[in-house]
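Only one structure is covered here, and it is reproduced in the block below.
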Amino acid sequence: MPLRGLLLLTGMYTFAWSAFFRYFGEDFLKWLSMNPDYLAESNTNVFGIFGMILGFLIFMSAFYPISWQYLILIGIIGHLALLVWVFVAFIPDLGWNKRTVFQIGFNQIIWLVLLTIVYLRSVKVKKYLQTLESK
């Protein structure tokens with residue numbers, strides 16, 4: 001499975017960004033808002049914990065991506081949930097700026113697309129391996 005490294009990178013990256021939300025919540029939201037007077041009232045702890053668990057599961061899926069396809073699928077669904085969460089919980093307060101667009105575009109959408117590609121590839125490889133076993 002040549003895309004195993006991408007799963008490792010996605011898991012670590014998701015974990016790291018979620019840790020920012022978990023441990024530096026208010027300050028991180030102030031930084032995202034680009035407004036030093038912003039009052040961060042959003043609860044980022046749950047978002048961070050959810051993302052850290054998601055990152056760990058994606059990281060674990062890299063060890064057996066063919067057998068543990070369900071973990072990759074959980075990663076896809078989890079990134080969709082995080083994307084919706086950012087739109088609903090943070091964007092109305094933070095507004096649109098270069099940092100929030102980066103958060104949505106790079107931290108959610110690109111990894112979502114890459115996880116989908118890895119998942120489809122693992123399904124294709126699993127089907128191919130099943131045809132080899134049947135011969």
Side-chain angles (χ1 to χ4, degrees):
M1 184 76 187
L3 300 175
R4 182 175 291 167
L6 190 58
L7 286 172
L8 290 170
L9 183 63
T10 305
M12 291 184 296
Y13 195 85
T14 302
F15 188 90
W17 271 97
S18 298
F20 279 123
F21 276 96
R22 168 67 175 95
Y23 294 109
F24 307 113
E26 290 182 15
D27 293 330
F28 190 62
L29 286 180
K30 286 179 184 177
W31 178 78
L32 277 175
S33 73
M34 296 183 69
N35 181 5
D37 298 328
Y38 174 75
L39 296 174
E41 295 179 7
S42 299
N43 187 0
T44 57
N45 285 336
V46 178
F47 182 85
I49 291 169
F50 179 76
M52 290 169 71
I53 292 170
L54 181 66
F56 177 73
L57 292 175
I58 294 169
F59 182 83
M60 292 303 293
S61 72
F63 294 105
Y64 300 104
I66 306 302
S67 302
W68 292 353
Q69 291 176 346
Y70 61 90
L71 288 179
I72 301 171
L73 193 58
I74 288 172
I76 293 169
I77 294 168
H79 265 283
L80 276 173
L82 289 176
L83 179 64
V84 170
W85 201 334
V86 168
F87 273 120
V88 171
F90 300 123
I91 293 298
D93 294 335
L94 297 175
W96 290 99
N97 58 51
K98 63 183 178 182
R99 292 177 183 161
T100 57
V101 169
F102 174 80
Q103 171 65 28
I104 289 171
F106 191 73
N107 294 343
Q108 304 302 332
I109 294 175
I110 287 181
W111 293 113
L112 184 64
V113 170
L114 292 175
L115 277 174
T116 304
I117 291 170
V118 170
Y119 177 74
L120 294 174
R121 174 73 185 238
S122 70
V123 168
K124 184 187 259 187
V125 169
K126 188 171 187 173
K127 286 181 183 178
Y128 174 74
L129 290 175
Q130 288 173 345
T131 61
L132 290 179
E133 292 175 359
S134 65
K135 291 183 180 181

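Since this is a predicted model, take the numbers as computed values, not measurements.
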(message) Is there a side-chain contact between Leu9 and Trp111 in this structure, where contact means two heavy atoms from C-beta onward sitting under 4.5 Å apart?
(response) yes
(request) First locate atom CZ of Phe87, then atom CD1 of Ile104, and finally report the distance between them rounded to the nearest 0.5 Å. (result) 4.0 Å
(request) To the nearest 0.5 Å, tell me how far Thr100 OG1 sits from Leu32 CG. (result) 7.0 Å
(request) Mind listing the closest non-hydrogen atom pair of Met52 and Phe15 along with its distance? (result) O-CD1, 3.2 Å
(message) Could you check whether any side-chain heavy atom of Phe24 comes within less than 4.5 Å of a side-chain heavy atom of Thr44, counting everything from C-beta outward?
(response) no
(message) Closer than 3.5 angstrom, by distance alone: can the side chain of Gln108 be matched with the main-chain N or O of Leu82 as a donor-acceptor pair?
(response) no
(message) For a 4.5 angstrom cut-off between non-hydrogen side-chain atoms, does Leu8 reach Phe59?
(response) yes
(message) Would Phe106 and Tyr13 count as a ring-ring contact (aromatic ring centres under 6.0 Å, His included) here? Give the steps.
(response) CA-CA 11 Å; Phe106 191 73; Tyr13 195 85; 5.7 Å; yes
(request) Output the distance between atom CD1 (Ile74) and atom CG (Leu54), rounded to the nearest 0.5 Å. (result) 9.0 Å
(request) Flag yes if Trp96 and Val84 sit in one hydrophobic cluster, no otherwise; membership is Ile, Leu, Val, Met, Phe, Trp, Tyr, and two members link when side-chain heavy atoms are under 4.5 Å apart. (result) no
(request) Measure the spacing between CE of Met60 and CG of Leu57 and express it to the nearest 0.5 Å. (result) 8.5 Å
(message) Main chain of Lys30, side chain of Ser33: is a donor-acceptor contact present, judged purely on distance under 3.5 Å?
(response) yes
(message) Please determine whether side chain to side chain contact (heavy atoms under 4.5 Å, CB included) holds for the pair Ile49 and Phe21, giving the CA-CA distance in whole Å, both sets of side-chain angles, and the decisive distance to 0.1 Å.
(response) CA-CA 8 Å; Ile49 291 169; Phe21 276 96; over 6 Å; no
(request) Answer yes if Ile66 and Leu132 sit in the same cluster of Ile, Leu, Val, Met, Phe, Trp and Tyr residues linked by side chain heavy atoms under 4.5 Å apart, and no otherwise. (result) yes
(message) Which heavy atom of Arg22 sits nearest to which heavy atom of Asn45, and what is that distance?
(response) O-OD1, 3.2 Å
(request) Verify, without hydrogens or angle tests, whether Ser61 (side chain) and Trp68 (backbone) share a donor-acceptor contact under 3.5 angstrom. (result) no
(request) Rounded to the nearest 0.5 Å, what's the gap from CD on Gln69 to CD1 on Ile76? Could you check? (result) 10.0 Å
(request) Compare all side-chain heavy atoms of Tyr119 with those of Leu7 and state whether any distance is below 4.5 angstrom. (result) no
(message) For Ile72 versus Pro65, what's the shortest heavy-atom pair and its separation?
(response) CD1-O, 3.8 Å
(message) Could you check whether atom CZ of Phe63 has more than 12 heavy atoms from other residues, nucleotides or ligands sitting under 6.0 Å from it?
(response) yes
(message) For the CD1 atom of Ile58 and the OG1 atom of Thr14, what is their distance to the nearest 0.5 Å?
(response) 4.5 Å
(request) Indicate, with yes or no, if Met34 and Phe20 share a hydrophobic cluster defined by side-chain heavy-atom contacts under 4.5 Å among Ile, Leu, Val, Met, Phe, Trp and Tyr. (result) no
(request) Please tell me if the side chains of Val86 and Phe47 come closer than 4.5 Å, counting only heavy atoms from C-beta onward. (result) yes
(request) Using atom types as modelled and distance alone, determine if a side-chain donor or acceptor of Arg99 lies under 3.5 Å from a backbone N or O of Trp31. (result) yes
